[in-house]
Structures are given as structure tokens and as C-alpha cells.
Amino acid sequence: MKIAVIQGPNLNMLGIREQHIYGPMTLDQIHDQMKGSASQNGVELEFFQSNLEGEIVDRVQECLGTVDGILINPAAYSHTSIAIKDALSAVNLPTVEVHISNIYKREEFRQKSITAASSTGVISGFGPFGYHMGLIALTQIVSEVKAVEAEQQAEPAE
Ligand code: DQA
């Protein structure tokens with residue numbers, strides 16, 4: 001099973017930016033932890049971070065036919081990007097949106113995620129552990145999808 005991990009703008013600044021909100025871990029440290037648990041479960045991860053909306057749209061589009069699911073933190077673009085939302089809908093893969101902070105108890109402009117409407121589910125407010133939770137959820141969802149597909153293929157055509 002292959003999963004794309006897509007990180008939006010300013011997440012490359014984790015460990016430096018607003019530690020009282022996002023904590024002290026860097027993005028590399030978060031990814032290293034994810035690699036550890038993924039490899040134990042036979043999951044292959046492909047990491048990508050960009051500060052540019054169009055690059056994230058391109059990366060989401062590339063996921064079609066190449067990965068089984070998407071774990072995404074669109075960061076500030078969650079609140080603004082119809083383009084990323086549409087890309088996620090277009091590829092229509094199992095998708096979990098992660099936010100390190102609890103966006104529902106922050107400024108009003110952060111309390112709505114446009115991109116979340118194209119995700120299977122959202123995890124928000126559990127710190128970097130949210131990525132781990134998202135990975136577990138996504139692994140489960142992808143396994144269920146694969147099981148249904150295998151069952152459908154095994155059924156004789158009418
Ligand atoms: C964030 C929340 C966003 O509002 C913010 O713009 C981010 C990070 C989070 O992970 O909590 O950059 O997505």
C-alpha cells in the first residue's frame with residue numbers, strides 16, 4: 001500500500017514557527033516517526049511539501065493511479081483553496097486531512113476548511129500525533145476499499 005503525504009505552506013517551518021501552537025517537532029522529525037510506523041505495517045510513504053498552491057494541485061493530480069490514499073495538511077490553503085479541493089475531488093482517492101492545531105478553537109477564518117469537503121475525514125488538534133492517527137485511519141480505509149475491489153473482481157460477470 002502506498003500513501004502520499006502532502007504538506008502545505010509553512011509546514012517546512014515547523015520547529016521554528018509558533019511553537020506554542022505547533023510544538024517543537026520539525027517536519028523531518030514528524031516524517032521520520034511516520035516512516036517507522038508505516039514500515040511496520042507494510043505501508044510505503046511518499047513525502048511532499050510545498051508553499052505553492054499550484055504545486056500542491058499538481059502533486060494531488062499525480063496521485064491518480066500511483067498511490068492508494070492521500071494524507072494531507074493543506075495548512076493555510078485549507079481555508080482558501082478551491083483549486084486543491086477540486087483536485088482532491090478529481091482524483092477521488094481515500095483522503096485524510098490533518099491539522100496539528102485544533103482549527104475550531106482558533107481565529108474564525110481558520111474554522112472553516114474548504115478542502116475538508118473533499119476528504120474522507122479530518123483530524124484536528126492532536127499535535128503531530130494527528131499524522132500518526134491519520135495514517136492509521138487511512139490504512140484502514142484503503143484496506144477496506146481494496147477488499148471490496150477484490151470481492152468485485154472475484155464475482156463472475158453477469
Ligand atoms: C494548520 C492550521 C492552519 O490554519 C494553518 O494555516 C497552518 C497549519 C495546522 O496544521 O494546524 O499552517 O493546518
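Order of appearance sets the numbers: ligands from 1, and atoms from 1 within every ligand. Along the sequence shown, residues carry numbers from 1.
- Of the N or O atoms in Ser78, none lie within a sub-3.5 Å distance of an N or O in ligand 1.
- With hydrogens and angles disregarded, a donor-acceptor distance shorter than 3.5 Å links the side chain of Asn41 to the backbone of Ser37.
- Distance alone, capped at 3.5 Å, is enough to place a donor-acceptor pair between the Glu97 side chain and the Ala116 backbone.
- At a 3.5 angstrom cut-off on N or O pairs, Asn73 counts as close to ligand 1.
- What sits closest to atom 4 (O) of ligand 1 on the protein, heavy atoms only, is His79 NE2, 2.7 Å.
- Closest protein heavy atom to atom 1 (C) of ligand 1: His99 ND1, 3.7 Å.
- Residue contacts with ligand 1: Leu11 is placed with no nitrogen or oxygen under 3.5 Å of a nitrogen or oxygen of the ligand (distance criterion only).
- With hydrogens and angles disregarded, a donor-acceptor distance shorter than 3.5 Å links the side chain of Gln111 to the backbone of Arg106.
- Regarding atom 11 (O) of ligand 1, its nearest protein heavy-atom neighbour is Ser101 OG, 2.6 Å.
- Proximity of Met34 to Phe47: side-chain heavy atoms (C-beta onward) are separated by under 4.5 Å at one or more points.
- Ring pair His79/Phe109 is perpendicular by interplanar angle, where above 60° counts as perpendicular and below 30° as parallel.
- Only the side chain of Arg110 comes within 4.0 Å of ligand 1, judged by heavy-atom distances.
- Atom 7 (C) of ligand 1 has as its closest protein heavy atom Tyr22 OH, 3.5 Å.
- At a heavy-atom distance under 4.0 Å, no atom of Met13 approaches ligand 1.
- Listed by number with element, the atoms of ligand 1 under 4.0 angstrom from any heavy atom of Arg17 are 7 (C), 12 (O).
- Judged purely by atom type and a 3.5 angstrom limit, Tyr77 uses its side chain to pair as donor or acceptor with the backbone of Glu53.
- Of the polar atoms of Ile100, at least one N or O is found under 3.5 Å from an N or O of ligand 1, judged by distance alone.
- For the residue pair Leu135 and Leu71, the shortest heavy atom distance occurs at N-CD1, 4.1 Å.
- In Phe126, the CZ atom is not crowded: 12 or fewer heavy atoms of neighbouring residues, nucleotides or ligands sit closer than 6.0 Å.
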